[in-house]
Amino acid sequence: MGQNNIYIIGHKQPDTDSICSVIGYAELRNHAEPGKYIPARCGEINAETSFALETFNAEAPVYIASVEPAVSDIPLDTRSVRKDVPTIDVAALMDTYDMRNMPITDEEETLVGLVSEYGLARAYVRKNPRERLSLIPMPLETLARILDARVVVPAREMLGEGRVYTVIDALHVTLSRMTPDDIAIVGDNEPAQLALISAGVAALIIAEGAPVGERVIAAARERGASVLATTLDAFSVGKMISLSLPASMIMETDVPTVRMEDSLEFAKSVVSNSKFRTACVVDENRKHIGLVSRTTLMQDVQKSVILLDHNEYSQAVDGIEQADILEIIDHHRLGAISTLKPVKFLNDPVGSTSTIVTTKFIEADVEPTPSTAGLLLAGVLSDTMVMKLSTTTPGDIRAADYLAGIAGVDPAEFGPELIQRGMDLDALPMEELLTRDMKRYNLFGRSIMVSQVMASSFTFAETRADEIRAELEHLRTTMGVDCFLALFTNVFSNASDLFAAGDEACINKLNLRDQPARLEGVMSRKKDFIPKFGQMLRQL
């Protein structure tokens, strides 16, 4: 998720109106600011909505499980070096960019370790003084660069793995031990230089700015020995060669890692518990992405969101408490969302949020694309049950007529087919059926969950009544609510069958011992059922 994007998102257990209004409003807002507004969802797409998306060749909104700030929302230091890079170059980069830690990767950009300031110090301060100085295979030019040396005789482009001798005294001892892969450091001593070349040394490093005589150059060319000349003293040459070891030889491999989707709170805990006070960001294949530190995690980060088709925390995407809510557009009762600053809040008692979005298109003198017009039409028809619900207003009818003209579809034909696609009740497990369109309400001190299932007849509710009641009791217990209600709404008979699970006193007081209870004229959860049911709860 980008930091500058604004996510337009509906409620959990999204219905067709929630999904389609989100897509429509994103298109409208992007008309003025292209690419800034991202349509999003926090639940799965149901069969009815899938049919609408397929009909109008549209993609579903991006799925977002939470709007809690994540690692992906902060800038990352993406620098890293390969494991074969000399340590001295790693240290120089760390100094240049003021980095306390440097991620190390292999040829495939996979994270393999970390070089830290502490690790550098430990590797060289604690180095065993008895340990022989050695050189790993490296290009002659690399060694010359590290030593700030001039290549006098480039006999070998590549130096092999060998020991490094500093020849001060006892030349004969050194000569007796040397192999063709070894390197010798020597000062202004031409006889010693010639003797070392004659012994078959791989490379001769002449230190302290000593002159390199013609006899030495000629002998080196004849024997195939490289000659380097540097102003460094012998001790400094040895120190710099020690620093030429590759990063892989001093890096630490117990590197703490996080993923882009991890929350910032989790990343902070990883970093604070790390001896490096840093964590590397990797993907699912451990490819290195970036570095996070205590400094980067101190930033105040919030995702910007616009909420559609709801205005209650219980229905909102996870992490909404930590998000920056910019706007709310809804057509339900007022809920309990509070904000730290004023926001735009449009709550219009029409049949669908898609109607409100359509009105905004008209007011802005912007025509939706045919695809988006079709989706908004689906939202209107779905939430009004093809204009049959009591929540239907003249505004919904006008919006549907306007959208149908752009989309090129007949609402009278498309509407019933859309609704029918969401009514294959036997194909779903009972738990999924009862939870795919449910909403939580806090009414008069009680926590109430109300599920609504649209059906073309009462047959399903009547034949599966015992199973429905058993599942409602299970859901009430697992979700920790005082009462779980389910409306099986017959869209062609203008009535609903009500099932309920709750404590005995509540069920008796509400006259719900005999279930299902037939509720004539009840088609809308928010307009026909909740107000009346709320009054009954008030009297308990």
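Side-chain atoms are counted along with the backbone in the values below, which use heavy atoms only and exclude waters and symmetry mates. The model shown is predicted, which means the values in this text are computed figures rather than measured ones.
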Task: Note, Pro39 side chain near Ile8 side chain (heavy atom, < 4.5 Å) - done: no
Task: Gap between atom CD1 of Ile397 and atom OG1 of Thr392 - 0.5 Å precision - done: 7.0 Å
Open item on the list: Going by salt bridge (Lys or Arg N to Asp or Glu O under 4.0 Å), name the pairs with one or both residues in residues 41-59, residues two or more places apart or in two chains.
Closed with: none
Task: Residues Arg82, Asp84: salt bridge by 4.0 Å N-O rule - done: no
- [ ] List the atom of Thr393, the atom of Pro349, and the distance in Å for their closest heavy-atom pair.
- [x] CG2-O, 3.6 Å
Open item on the list: Are Val112 and Met251 packed together at the side-chain level, in the sense that at least one heavy-atom pair is separated by less than 4.5 angstrom?
Closed with: yes
TODO: Side-chain contact test, heavy atoms from C-beta onward, threshold under 4.5 Å: evaluate it for Leu114 versus Cys280 and give yes or no.
DONE: yes
- [ ] Compare all side-chain heavy atoms of Met385 with those of Ile419 and state whether any distance is below 4.5 angstrom.
- [x] yes
- [ ] Please determine, by modelled atom types, if Thr358 and Thr355 share a side-chain donor-acceptor pair under 3.5 angstrom.
- [x] no
- [ ] Determine, step by step, whether Ile448 and Arg440 satisfy the side chain to side chain contact (heavy atoms under 4.5 Å, CB included) criterion, reporting the C-alpha distance in whole Å, the side-chain angles of both residues, the deciding distance to 0.1 Å, and the verdict.
- [x] CA-CA 6 Å; Ile448 309 297; Arg440 185 188 295 265; over 6 Å; no
Open item on the list: Going by side chain to side chain contact (heavy atoms under 4.5 Å, CB included), name the residues that satisfy it together with Glu261, two or more places apart in sequence or in a different chain.
Closed with: Arg259
Open item on the list: On a heavy-atom basis, which atom in Ile19 and which in Pro61 lie closest, and how many Å separate them?
Closed with: CG2-CD, 3.6 Å
Open item on the list: I'd like to know if the side chain of Thr489 pairs up with that of Ser496 as donor and acceptor (distance under 3.5 Å, no hydrogens or angles considered).
Closed with: yes
TODO: Using distance alone, with no hydrogens and no angle criterion, decide if Thr372 and Thr369 have a side-chain donor and acceptor under 3.5 Å apart.
DONE: yes
Task: Stepwise side chain to side chain contact (heavy atoms under 4.5 Å, CB included) test for Leu308 and Asp330 - done: CA-CA 6 Å; Leu308 261 62; Asp330 194 17; over 6 Å; no
Task: Lys/Arg cation over aromatic Phe276: Arg100, 6.0 Å, 45° cone - done: no
Open item on the list: By the definition side chain to side chain contact (heavy atoms under 4.5 Å, CB included), identify the one residue from His332, Glu312, Gln452 that meets it with Lys439.
Closed with: His332
- [ ] Step by step, work out the side chain to side chain contact (heavy atoms under 4.5 Å, CB included) result for Asn101 and Val115.
- [x] CA-CA 6 Å; Asn101 303 280; Val115 171; over 6 Å; no
Open item on the list: Check whether Asp73 reaches the backbone of Pro69 with its side chain - one donor and one acceptor, N or O, closer than 3.5 Å.
Closed with: no
Task: Main-chain N/O of Ala70 paired to Ser263 side chain as donor or acceptor, under 3.5 Å - done: no
- [ ] Mark yes or no for whether Thr463, through its side chain, and Phe460, through its backbone, hold a donor-acceptor pair below 3.5 Å.
- [x] yes
Open item on the list: So which atom in Pro368 and which in Ile406 form the shortest heavy-atom distance, rounded to 0.1 Å?
Closed with: O-CG2, 3.6 Å
TODO: Decide whether Arg398 and Tyr402 meet the rule of one side-chain donor and one side-chain acceptor closer than 3.5 Å.
DONE: no
Task: Criterion side chain to side chain contact (heavy atoms under 4.5 Å, CB included) on Ser21 and Ile356, from CA distance to verdict - done: CA-CA 9 Å; Ser21 62; Ile356 303 175; over 6 Å; no
Task: Ile507 side, atom CD1; Asp514 side, atom CG - distance, nearest 0.5 Å - done: 11.5 Å
Open item on the list: Counting C-beta onward and ignoring hydrogens, is there a side-chain heavy-atom pair between Val292 and Ile74 closer than 4.5 Å?
Closed with: yes
Task: Gap separating the CZ atom of Arg277 from the OG1 atom of Thr295, nearest 0.5 angstrom - done: 12.5 Å
Task: Ser66 side chain vs Asp318 backbone, donor-acceptor pair below 3.5 Å - done: yes
Open item on the list: Between Asp17 and Thr353 (side chain of the first, backbone of the second, donor and acceptor by atom type, cut-off under 3.5 Å), is there such a pair?
Closed with: yes
Open item on the list: I'd like to check the side chain to side chain donor-acceptor pair (under 3.5 Å) partners of Lys526; sequence neighbours left out, ordered by chain and number.
Closed with: His331
Open item on the list: Would the distance check show the side chain of Ser18 and the main-chain N or O of Asp15 forming a donor-acceptor pair, the cut-off being under 3.5 Å?
Closed with: no
TODO: May I ask you to decide if Glu27's main-chain N or O and Asn30's side chain share a donor-acceptor pair within less than 3.5 Å?
DONE: no
TODO: Would you list the pairs meeting salt bridge (Lys or Arg N to Asp or Glu O under 4.0 Å) in which at least one residue belongs to residues 479-499, sequence neighbours left out?
DONE: Asp497-Arg518
Open item on the list: Test your reading of the model: is there a side-chain donor-acceptor pair from Thr110 to the backbone of Asp106, 3.5 Å cut-off?
Closed with: no
Task: Sub-4.5 Å side-chain heavy-atom contact between Ile6 and Ile38 - done: no
Task: N/O donor-acceptor pair under 3.5 Å between Ser80 side chain and Ile104 backbone - done: no
Open item on the list: Between Pro411 and Leu381, is there a side-chain heavy-atom distance shorter than 4.5 Å?
Closed with: yes
Open item on the list: Taking Lys268 first and then Glu265, would you say they form a salt bridge - that is, a charged N and a carboxylate O separated by under 4.0 Å?
Closed with: yes
Task: Any residue meeting side chain to side chain donor-acceptor pair (under 3.5 Å) with Asp254, in chain and number order, not counting sequence neighbours - done: Lys275
- [ ] Could you list the residues that satisfy side chain to side chain contact (heavy atoms under 4.5 Å, CB included) with Ala400, not counting sequence neighbours?
- [x] Leu377, Val380, Met387
Open item on the list: Can you tell me how the ring of Phe414 sits relative to the ring of Phe51, calling it parallel under 30°, perpendicular over 60° and tilted otherwise?
Closed with: parallel
Task: Expected output: side-chain Gln515 to main-chain Ala500 donor-acceptor under 3.5 Å - done: yes
TODO: Output the distance between atom NE2 (His288) and atom OG1 (Thr257), rounded to the nearest 0.5 Å.
DONE: 10.5 Å
Open item on the list: Less than 4.5 Å apart, side chain to side chain, heavy atoms only: is that true for Leu376 and Phe361?
Closed with: yes
TODO: Measure across Ser352 and Asp383 and return the closest heavy-atom pair with its distance rounded to 0.1 Å.
DONE: CB-CB, 3.6 Å
TODO: With rounding to the nearest 0.5 Å, note down the distance linking CG in Leu403 to CD in Glu367.
DONE: 10.0 Å
Task: Heavy atoms of other groups near Asn57 CG, more than 12 under 6.0 Å - done: no
TODO: Return yes when atom NZ of Lys287 has more than 12 non-hydrogen atoms of other residues, nucleotides or ligands closer than 6.0 Å, and no otherwise.
DONE: yes
TODO: Could you walk me through whether Thr435 and Gln13 pass side-chain hydrogen bond (donor to acceptor under 3.5 Å, both in side chains), step by step?
DONE: CA-CA 8 Å; Thr435 57; Gln13 307 294 331; 5.1 Å; no
- [ ] Flag the pair Phe458 / Phe488 as yes when their ring centroid distance falls below 6.0 Å, and as no otherwise.
- [x] no
- [ ] Assess whether atom CD of Glu467 is packed by more than 12 heavy atoms of other residues, nucleotides or ligands within 6.0 Å.
- [x] yes
TODO: Hey, could you give me the CE/CG distance between Met430 and Leu425, rounded to the nearest 0.5 Å?
DONE: 8.5 Å
- [ ] Might you confirm whether atom CZ of Arg286 has over 12 heavy atoms from other residues, nucleotides or ligands at distances under 6.0 Å?
- [x] yes
TODO: Please assess Tyr25 against Glu327 for the test side-chain hydrogen bond (donor to acceptor under 3.5 Å, both in side chains), listing each intermediate value before the final yes or no.
DONE: CA-CA 12 Å; Tyr25 198 47; Glu327 185 177 359; 2.7 Å; yes
